[in-house]
Amino acid sequence: MLTLDGLGLAGLSAKAAWVVTGLLAIGLSMQAACGIISTREAWVRRSILVAATALAVAVATRTATSAMELAGGWDGALGLASLVFEMQQTSIFASALAVGLLVAGAVFRSRLLLASGAILAALAFGLTGHARSQDMPWLAAGLVGLHVGLAGFWASAPMTLWPTNRLSSVALAARNRRFGQIAIMAVPVLMIAGDVLAWLFGGGVEGLTRAAYGTMIAIKAICAVMALCIGAWNRLRLARVLETDPQRDRFLLARAMALDSALFSGAILAVVFATTIAAPMT
């Protein structure tokens, strides 16, 4: 278990930024590729471009802070940057290519490029960290990529389903319904993949019962289950009556999306802590 000093906090912040920007870039691109949101809308293209650019900055920042942590400060960090790059180069190259595909997809309004960039960006998360230390690293990387891709799709919902004035009640209901149709199949896979990864990275029952790591995984699971309950309520209740009582249901949908945002933030922080500060030594 690592201590959280100044360098540890910088590394934790850099990793959190990488996860958040990655989830947003992946989620928005996947939703555009699935037709839930459209690249014909300027805000969609702009949001994907901003998220992709932020992801590139986050990847670079994470590399720099990793070198600083390894060197124990600024002194010597530059000399160790090449070593960190060598250790993370597969993930860095995958992220860089993914950013290029996402930018091109937004500019040229291509669903194929957006889908390809989202898949590659998700896979980049599995090409570094704990997945590389597994007996079958490519299988672990694939599971991480699947989990991150579906998590991004789900975590970007508060941004795309927020009841803004630019969306009519009919358009909002159609978007909500389309998202729910995909989510009802994607979320169970997301949960199963997450459970398998927690088991693998935690080293089985022993790792999951260790105080720090087990607590973080439990917090993540609780946040995910609560968000799942909100999603089920949204699909079974709000989606059916959004057109009949739009004023009231827009208010309820906004509250549901705000609560979802808080839960997703909690889950993300728990994952970042679990894979850095509370990571079990397996």
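What's counted below: heavy atoms across the whole structure, side chains too, no hydrogens, waters or symmetry copies.
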How long is the span from the [atom1] atom in [X] to the [atom2] atom in [Y], to the nearest 0.5 Å?
| X | Y | atom1 | atom2 | result |
| --- | --- | --- | --- | --- |
| Thr160 | Ile36 | OG1 | CD1 | 6.5 Å |
| Leu228 | Met191 | CG | CE | 5.5 Å |
| Ile219 | Leu269 | CD1 | CG | 9.5 Å |
| Trp18 | Thr61 | CH2 | OG1 | 13.0 Å |
| Thr21 | Leu55 | OG1 | CG | 4.5 Å |
| Ile182 | Gln31 | CD1 | CD | 8.0 Å |

Please assess Ile26 against Phe125 for the test side-chain contact (heavy atoms from CB on, under 4.5 Å), listing each intermediate value before the final yes or no. CA-CA 11 Å; Ile26 292 165; Phe125 280 84; 4.2 Å; yes
For Trp138, does the CH2 atom have more than 12 heavy-atom neighbours from other residues, nucleotides or ligands under 6.0 Å away? no
More than 12 heavy atoms of other residues, nucleotides or ligands under 6.0 Å from CG of Leu259: yes or no? yes
[X] (side chain) donor-acceptor with [Y] (main chain) under 3.5 angstrom:
| X | Y | answer |
| --- | --- | --- |
| Arg178 | Cys34 | yes |
| His147 | Ala193 | no |
| Arg45 | Arg40 | yes |
| Arg250 | Thr164 | yes |
| Ser95 | Ala124 | no |

Shortest non-hydrogen contact between [X] and [Y], atoms and distance:
| X | Y | answer |
| --- | --- | --- |
| Thr65 | Ala14 | OG1-CB, 3.4 Å |
| Gly126 | Ala141 | O-CB, 3.2 Å |
| Ala274 | Ile217 | CB-CD1, 4.1 Å |
| Ala98 | Leu120 | N-CD2, 3.7 Å |
| Leu263 | Ala227 | CD1-N, 3.6 Å |
| Cys223 | Gly266 | SG-C, 4.0 Å |

Do you reckon [X] sits in the same ILVMFWY cluster as [Y], going by side-chain contacts under 4.5 Å, direct or chained?
| X | Y | result |
| --- | --- | --- |
| Val272 | Leu127 | no |
| Val57 | Leu12 | no |
| Ile92 | Leu123 | no |
| Ile48 | Ile37 | yes |
| Ile119 | Leu97 | no |

Just do the side-chain contact (heavy atoms from CB on, under 4.5 Å) check on Leu197 and Val144 with the steps written out, would you? CA-CA 7 Å; Leu197 288 171; Val144 171; 3.8 Å; yes
List the steps, then state whether side-chain contact (heavy atoms from CB on, under 4.5 Å) holds for Val44 with Leu28. CA-CA 8 Å; Val44 173; Leu28 290 172; over 6 Å; no
Any side-chain heavy atom of [X] within less than 4.5 Å of one from [Y]?
| X | Y | answer |
| --- | --- | --- |
| Leu102 | Leu49 | no |
| Val271 | Val19 | no |
| Leu200 | Leu143 | yes |
| Leu23 | Ile268 | yes |
| Leu252 | Trp233 | yes |

side-chain contact (heavy atoms from CB on, under 4.5 Å), that's the test. Do Met159 and Met257 meet it? Break it down for me. CA-CA 8 Å; Met159 186 173 180; Met257 292 299 100; over 6 Å; no
If the plane angle is over 60° it's perpendicular, under 30° parallel, otherwise tilted; pick one for Phe153 and Phe179. parallel
